[in-house]
Asks: 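Provided herewith is a single structure, encoded as structure tokens, for subsequent inquiry.
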Amino acid sequence: MLLPVKWLKEYVNIDVDTKKLADELTLSGSHVESIISLDRGIERVVVGRIEKIEKHENADKLLVVMVDVGDETIQVVTGADNFKVGDYVPVALVGAKLPKDLYIERTDFRGVESNGMLCSLAELGYEDSVIPKNQRDGIFILDKDYPLGTPIDEVLGLNGEIIELEITPNRPDCLSIIGMAREAAATFDKKLELPEVAVKDEVDDIKDYVEAVEVDEELCNRYYTRVIKDIKIKESPLWLQLRLMEAGMRPINNIVDITNYVMLELGQPLHAFDLDKLNNKRILVRRAKDGEKITTIDGQERALNNSNLLITDGESPIGIAGVMGGMDSEVTEETTTVLLESANFNGKSIRSTSKQLNLRTEASIRFEKGLDPNLCEIAAERACQLIEEINAGRVVKGCIDIYKNIKEEKTIKLRPERVNKLLGTKLSVEDMVDYLERLDLKTKVTERYLEVKIPTYRLDLNIEVDLIEEIGRIHGFHNIAAQPLVGVLTRGEKPYSSIIADKVGAILQGFGLNEVITYSFISPKSYDKIKIEADSHLRNYIKLMNPLGEDYSVMRTTLISNMLDLLSRNYNHGVKECYLYEIGNVFIPKELPLEQLPREEKVLVLGMYGQIDFYYLKEVVTALFEKLGIKDFEYVKEESNPTFHPNRTANILIKGNSIGVLGEIHMDVVENYDIDTRVYIAQLNFDALVEETNLDRKYKPLPKYPAILRDIAVVVDSDVMVGELEKVILENGEGLIENIELFDVYEGKQIESGKKSVAFSLTYRSSEKTLKDEEVNKVHERIIEELERRLDAKLRS
Amino acid sequence: MKDELIRIKEEAISDINGANRLDDLENVRIKYLGKKGKLTLILREMGKLPKEERPVVGRLANEVRQEIEKELSEGKDRFKERLKQERIEKEKIDISINKRTRKLGHSHPLLKTIRELENLFISMGFTVVEGPEIETVEYNFDALNTPENHPSRDLSDTFYITEDILLRTHTSPVQIRAMKAMEPPLRIISAGRTFRFDDVDDTHSPMFHQLEGLVVDENITMANLIDTINIFVKELFGDDMKTRFRPHYFPFTEPSAEVDVSCFSCKGKGCSVCDGTGWSMELLGCGMVHPKVLEVCGIDPEKYTGFAFGMGIDRITMVKYGIDNIRLLFENDNRFLEQF
């Protein structure tokens with residue numbers, strides 16, 4: 001919200017510089033986001049009067065003008081033509097400085113000298129959004145005969161500042177100059193100086209102009225009307241236009257400008273109808289019929305339904321209540337009689353209508369946030385007073401006010417001890433009363449309470465704690481001395497899974513993997529990209545009702561696609577080696593469509609490409625298990641996971657249950673992600689890992705007795721897995737085999753085709769005694785026999 | 001014989017000194033002291049000597065033997081020493097070469113920041129808790145006293161799955177969960193993913209991270225809140241950072257405040273980065289837990305009071321590390337991750 005400081009200071013006498021004003025307002029709750037200086041650094045631009053206008057002899061579109069600027073009359077060439085002799089206009093002299101680094105020099109326009117420039121509002125630094133439409137393309141014509149040579153800064157009030165404020169949604173009463181004046185008065189402990197509102201010269205009787213006003217009581221809390229006749233529509237006086245422009249609004253005509261001025265000043269939106277354009281001398285505020293149409297003042301036809309509130313003349317719609325007036329009843333240059341509406345509508349209804357029509361206006365914003373119905377009268381009277389003051393029309397005597405449920409002031413009881421208890425201060429009752437009274441909250445001190453009367457415009461004050469906040473902010477949060485928390489000395493904790501996650505992270509980082517974070521929502525296309533079957537349970541994903549786009553439209557049930565996205569992006573940015581991991585949630589719905597919250601399962605995913613292979617990934621995962629004390633794990637060949645290479649993938653089991661997969665990604669999938677190298681990914685159920693983690697460690701005595709090493713080399717069919725051989729060896733080791741070390745797998749010359757040679761080094765050791773060669777030989781031979789019997793493995797000669 | 005012995009000794013010493021290799025020394029030993037060595041042979045002749053001469057000769061023979069052995073030993077040592085030096089010279093390597101087979105991995109800067117904050121709060125007796133990313137409208141808005149018409153409920157602000165289920169827009173629902181699950185005294189911290197309907201640009205992302213804190217006990221005051229915030233601002237940003245508490249509005253706290261920290265560039269003096277104000281953008285929101293929220297969770301607001309605070313971790317991380325674009329946090333380019 002834009003708050004011109006000069007306007008504010010009309011209602012409260014605060015004699016501090018704007019920076020201090022801004023700082024103090026911020027500290028009492030009205031956050032100043034920026035201070036805009038009205039001084040635009042304009043130099044040598046003065047008031048001039050047009051004396052003579054001639055066509056330029058060499059250019060059709062240019063005029064040569066003689067302008068009297070006080071101490072001289074100068075010649076200026078201009079491309080505009082909206083002025084006449086006798087008009088007073090802003091003239092930039094030679095050497096003038098204008099906004100946007102524009103300097104004025106003596107110039108030659110096709111043989112004619114120009115010693116200055118006539119200025120438009122845009123050239124003087126005004127935003128396009130606030131320049132009156134009829135002034136836009138031409139020179140700015142001043143409204144009065146200002147002394148010639150007066151600096152334009154003085155005439156346009158280009159000094160001082162405008163404060164831009166952030167007003168929180170709970171303080172709609174601050175969305176007005178008066179509202180902020182109140183806040184400033186409370187902040188600086190000054191008195192509010194409100195203008196006296198009175199219409200001096202009323203004529204006739206309103207009953208001759210408006211016969212009846214009826215309203216839907218549910219959606220319209222108050223409807224207050226006044227009539228003004230003998231209207232002369234023209235431009236507002238300059239002071240009024242400048243006020244509006246400084247506050248960010250565009251001047252339109254005197255009547256509309258006054259309604260906007262009062263809206264800015266008091267916060268109450270007003271609307272002016274051309275009374276002569278109404279079909280009847282009546283106002284009926286009712287719900288629209290389904291399909292009823294109205295053309296609003298922006299020229300658009302709008303279709304309404306039963307939930308929208310309409311202003312009608314008893315017959316046809318003349319405006320959408322609280323949002324926008326109708327074009328047919330709009331005030332135009334021909335208007336001579338105006339019906340002024342100052343009303344209060346149900347905020348919820350205005351909000352939903354505004355959203356439905358996609359129409360947000362200054363009026364609808366204010367009604368949405370909530371307005372005090374007691375504001376209607378004073379706003380209308382103020383408008384009438386101003387209309388009279390600027391001679392725009394004559395106010396008709398009387399008003400029609402439909403106000404059934406009068407909003408009364410309420411009283412809140414505040415216990416003084418609660419104030420200090422909540423804030424941690426030591427304020428006296430006098431302090432508290434002082435702060436409350438500064439805010440116009442009249443307080444009566446009784447034995448146990450402070451009884452505080454709440455003005456009807458404070459919609460946000462409802463319970464005791466609301467008043468404690470008021471006291472706190474006027475006292476100033478910065479004036480509350482900080483106090484450390486006191487309490488029982490307890491040890492803070494972290495969830496076990498979080499502790500394990502930290503450990504896992506440390507281990508993986510030790511192996512060179514970088515931690516990543518990816519979005520919880522993914523594209524449904526990802527499932528096709530990683531070749532998930534059409535009937536897979538992974539495709540039972542949760543869909544967002546209003547996603548940002550397809551790429552972020554479903555809640556992920558796997559982390560693999562995000563990992564592939566990252567590896568792909570890194571690969572295509574020229575990163576030669578990439579090792580990444582993520583611990584994150586997947587979302588498993590209990591049923592679809594969702595009726596209760598889904599299960600959120602933690603998953604660990606590792607992804608890599610570079611100078612590594614399947615075995616490196618396996619090494620990392622194995623190291624992880626070992627460090628977490630997970631013992632009973634197994635890798636089993638996995639051929640039927642569609643995302644992975646059928647011959648380079650393992651299913652990971654703990655205690656016989658599958659908890660994850662590890663392998664090289666299928667070439668089709670790798671291609672789908674534009675990666676031109678082998679990619680390895682492991683995805684594990686992290687919750688299961690945490691379950692199986694065992695961080696207990698107990699010392700086991702070191703081996704006492706010496707070991708005996710024996711090698712064994714066998715020739716076996718190529719597709720017999722080393723793991724199977726190892727299993728047989730262990731099973732027949734009679735508990736004496738401390739270690740099996742694979743040291744060679746060989747296929748090629750010297751070996752029959754279709755077969756391979758596998759060589760192990762076995763370490764035999766007993767924990768009870770020193771083994772003798774014969775004992776070991778016996779076991780070793782048994783192993784050789786079993787290998788032959790079970791796996792057709794023959795000793796290599 | 002005596003002369004013989006002395007001659008043998010001199011010969012042996014001369015041979016030792018003339019040796020070129022370690023093996024040569026061994027040959028010298030064999031030549032003189034071996035089974036058929038010169039000294040050995042001479043000593044065998046000792047039996048032919050008259051009795052009176054034997055002790056003298058014997059002693060001399062011993063001396064000769066010892067001296068030869070000593071020279072041999074010293075010769076061996078000299079050779080070994082030389083071989084060692086040769087080896088040292090030959091084993092020279094270029095220590096300026098860098099061989100990196102594997103680099104260490106890195107924590108993600110956002111998670112690093114979260115962990116640091118968690119550790120700080122744990123040291124102050126806070127317990128870390130987690131909450132679900134997919135929440136109920138009830139916990140995300142209703143229980144937090146958010147009015148029906150609050151703009152944050154709009155489809156233009158919040159991601160919905162059904163009318164009653166959404167992606168949480170802040171970590172505040174965890175307050176509700178904690179208060180419903182535990183009895184005061186409560187000191188909890190919760191960090192996690194949050195979601196708002198925001199297009200991706202340099203400073204916005206539809207998914208971001210927040211950290212929430214909640215303390216509920218008897219006699220908790222706003223003065224405690226101010227102190228707690230000051231402590232962790234100093235921890236995060238250093239001792240010379242100041243805070244400014246501005247009254248603000250949140251539906252679930254009363255009084256509410258937003259906290260600014262001193263401008264990072266000028267530390268509060270005023271500069272072009274902070275438009276001369278001396279303050280950076282707001283760091284977090286906080287306030288005293290609204291009595292209605294306590295009531296919804298079955299906590300008696302007459303007996304207990306509490307404070308809560310919430311902050312955006314993405315922005316704090318970006319400010320802390322000088323990251324100028326939020327997208328970098330989620331693009332996970334390796335060259336970015338390696339910097340932290």
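Note on naming: letters A, B, ... go to the chains in the order of the sequence lines (proteins, then strands), and numbering restarts at 1 for each one.
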Asks: Quick one: do L337(B) and L580(A) satisfy side-chain contact (heavy atoms from CB on, under 4.5 Å)? Show the steps, please.
Replies: CA-CA 10 Å; L337(B) 299 169; L580(A) 308 172; 3.8 Å; yes
Asks: For I165(B), is it the side chain, the backbone, both, or neither that has a heavy atom closer than 4.5 Å to a heavy atom of chain A?
Replies: side chain
Asks: With a 4.0 Å cut-off, would you call E133(B) and K602(A) a salt bridge?
Replies: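 No salt bridge links E133(B) with K602(A).
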Asks: Are F521(A) and F195(B) close enough that their ring centers fall under 6.0 Å?
Replies: yes
Asks: With chain B as the partner, which of E470(A), K355(A), H478(A) has the greatest number of non-hydrogen pairs under 4.5 Å?
Replies: K355(A)
Asks: Is a donor on one side and an acceptor on the other found under 3.5 Å between the side chain of N332(B) and the backbone of V516(A)?
Replies: no
Asks: Would you please say whether a donor-acceptor pair under 3.5 Å links the side chains of Q509(A) and S107(B)?
Replies: yes
Asks: Under 4.5 Å, counting heavy-atom pairs only, tell me which of I517(A), L544(A), T168(A), I35(A) racks up the most with chain B.
Replies: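 Top count of heavy-atom pairs under 4.5 Å with chain B: I517(A).
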Asks: Which bit of F340(B) comes within less than 4.5 Å of chain A, counting heavy atoms only: side chain, backbone, both or neither?
Replies: neither
Asks: When only pairs under 4.5 Å are counted, which of D217(B), D199(B), L166(B) shares the most heavy-atom pairs with chain A?
Replies: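 Of the options given, most contacts go to D199(B).
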Asks: So with a 6.0 Å cut-off around NZ of K590(A), is the heavy-atom count from everything else above 12?
Replies: yes
Asks: I'd like to know which of T26(A), L423(A), I480(A) tops the heavy-atom pair count under 4.5 Å against chain B.
Replies: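 Result: the option with the highest number of such pairs is L423(A).
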Asks: Please classify the contact of P291(B) with chain A as side chain, backbone, both or neither, using a heavy-atom distance under 4.5 Å.
Replies: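 Answer is side chain: those atoms of P291(B) sit under 4.5 Å from chain A.
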Asks: With a 4.5 Å cut-off on heavy-atom pairs, point out which of G424(A), S352(A), G347(A), P484(A) contacts chain B the most.
Replies: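 Sorted descending by pairs with chain B, the first entry is P484(A).
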Asks: Between R569(A) and D333(B), is the salt bridge (charged side-chain N to carboxylate O under 4.0 Å, His left out) condition met? List the steps.
Replies: CA-CA 8 Å; R569(A) 205 180 303 131; D333(B) 189 311; over 6 Å; no
Asks: Looking at E135(B), M124(B), K112(B), E338(B), which one has more heavy-atom pairs under 4.5 Å with chain A than the rest?
Replies: E135(B)
Asks: Can you list the steps and then say if M555(A) with L167(B) is a side-chain contact (heavy atoms from CB on, under 4.5 Å)?
Replies: CA-CA 10 Å; M555(A) 303 307 291; L167(B) 298 187; 3.5 Å; yes
Asks: Which of the residues L225(B), D198(B), I189(B) is involved in the greatest number of heavy-atom pairs with chain A at under 4.5 angstrom?
Replies: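 So the answer, after comparing L225(B), D198(B), I189(B), is D198(B).
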Asks: Could you go through the side-chain contact (heavy atoms from CB on, under 4.5 Å) check for H106(B) and E515(A) one step at a time?
Replies: CA-CA 6 Å; H106(B) 300 258; E515(A) 187 179 29; over 6 Å; no
Asks: Using a cut-off of under 4.5 Å for heavy-atom pairs, which of D154(B), T158(B), N119(B) has the most such pairs with chain A?
Replies: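 Most heavy-atom pairs under 4.5 Å with chain A: D154(B).
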Asks: Taking every non-hydrogen pair under 4.5 Å, which of F245(B), Y160(B), F126(B), F121(B) racks up the most with chain A?
Replies: Y160(B)
Asks: Tell me, for R246(B) versus chain A, whether the close heavy atoms (under 4.5 Å) come from the side chain, the backbone, both or neither.
Replies: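 For R246(B), the contact with chain A is made by backbone and side chain together.
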Asks: Report the C-alpha separation of I463(A) and H290(B) in whole Å, then their side-chain angles, then the decisive distance to 0.1 Å, and conclude whether the side-chain contact (heavy atoms from CB on, under 4.5 Å) test is met.
Replies: CA-CA 11 Å; I463(A) 57 178; H290(B) 199 289; 3.7 Å; yes
Asks: Can you tell me which portion of T228(B) sits under 4.5 Å from chain A's heavy atoms? Options are side chain, backbone, both or neither.
Replies: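 It is the side chain, since no backbone atom gets that close.
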Asks: Taking atom CG of L155(B) and atom CE of M545(A), what is their separation to the nearest 0.5 Å?
Replies: 5.0 Å
Asks: Does any heavy atom of chain A fall under 4.5 Å from the side chain of P251(B), the backbone, both, or neither of them?
Replies: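 Neither; nothing under 4.5 Å.
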Asks: Between D227(B), N219(B), T127(B), T221(B), who has the most heavy-atom pairs with chain A when the cutoff is under 4.5 Å?
Replies: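 Most heavy-atom pairs within the cutoff with chain A belong to D227(B).
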Asks: Give the C-alpha distance, both sets of side-chain angles, the deciding distance and a yes or no for salt bridge (charged side-chain N to carboxylate O under 4.0 Å, His left out) between R415(A) and E302(B).
Replies: CA-CA 12 Å; R415(A) 294 167 289 174; E302(B) 285 297 304; 2.9 Å; yes
Asks: Given the options H31(A), K19(A), H573(A), which has more heavy-atom pairs under 4.5 Å with chain B than any of the others?
Replies: H31(A)
Asks: So which of D502(A), L422(A), V575(A) has the biggest tally of heavy-atom pairs under 4.5 Å with chain B?
Replies: L422(A)
